[in-house]
Amino acid sequence: MTQTMDADAPVLEKVREVIDHAKADQVFGAPISENGVTILPAAKMRGGGGGGGGTGPEDQGKGSGGGVGVSAKALGVFVVREGHVSWRPAVDVTKIVLGGQVVLITALLVARALIGSRRQR
């Protein structure tokens, strides 16, 4: 027996539908051309899925289920101009800010240790 997500489609059909849509054409976006420059966006795609089932007495019911997840992260763009291709990475501002905070905290801890050692002399 198959548990359905809606009246028409079993769980596995929904999982297959999501997997079929996570292909290479989702990694590379549609090229954008203007003024002799073509831009090809690129992203990293990840996905995973799982399923389960169960059996038991009739009064407790039987079950099955599944799930799938897909995520995408922009990596950058390829720029094609006059026959030359260059790569422009996407900048993750969150990582830059986090790195700056780590450096600041480390500098403050070192300064505190230096001031404390000078006071003991």
Side-chain angles (χ1 to χ4, degrees):
M1 180 172 177
T2 311
Q3 193 77 359
T4 59
M5 293 178 73
D6 57 35
D8 301 319
V11 173
L12 288 177
E13 287 182 27
K14 290 291 185 183
V15 171
R16 284 188 188 120
E17 182 180 322
V18 171
I19 291 170
D20 286 343
H21 286 92
K23 295 182 180 176
D25 60 346
Q26 299 298 318
V27 174
F28 294 101
I32 302 165
S33 295
E34 190 170 315
N35 298 331
V37 177
T38 302
I39 297 174
L40 180 64
K44 178 174 27 175
M45 300 284 294
R46 291 184 185 197
T55 59
E58 284 297 322
D59 60 338
Q60 293 181 4
K62 297 179 181 180
S64 66
V68 66
V70 179
S71 69
K73 178 182 175 186
L75 294 179
V77 294
F78 288 102
V79 179
V80 182
R81 178 182 289 144
E82 297 176 359
H84 299 319
V85 179
S86 62
W87 172 252
R88 302 281 173 95
V91 177
D92 189 352
V93 177
T94 305
K95 287 184 180 179
I96 294 170
V97 170
L98 183 61
Q101 290 173 345
V102 169
V103 169
L104 178 63
I105 290 169
T106 304
L108 289 173
L109 291 172
V110 168
R112 185 177 97 179
L114 291 173
I115 291 170
S117 69
R118 286 188 181 186
R119 283 186 184 168
Q120 291 177 357
R121 288 184 191 176

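Below, all heavy atoms of this structure are taken into account, side chains as well, without hydrogens, waters or symmetry copies. Remember, predicted model here, so these are calculated numbers, not experimental data. Residue numbers count from 1 along this sequence.
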On a heavy-atom basis, the closest approach of Ala90 and Ala74 is CB-O, 3.8 Å
At their closest point, which heavy atom of Pro41 faces which heavy atom of Ala30, and how far apart are they? CD-O, 3.7 Å
Hydrophobic cluster membership, with links at side-chain heavy-atom distances under 4.5 Å among I/L/V/M/F/W/Y: are Val37 and Phe78 in one? no
Please report the interatomic distance CG(Leu109) to CG(Leu114), rounded to the nearest 0.5 Å. 11.0 Å
Would a single hydrophobic cluster contain both Trp87 and Val91, if residues Ile, Leu, Val, Met, Phe, Trp and Tyr are joined by side-chain heavy-atom contacts under 4.5 Å? no
Is the closest side-chain heavy-atom distance between Leu40 and Val80 below 4.5 Å? no
For Ser33 and Thr38, the nearest pair of non-hydrogen atoms, with its separation, is OG-OG1, 3.1 Å
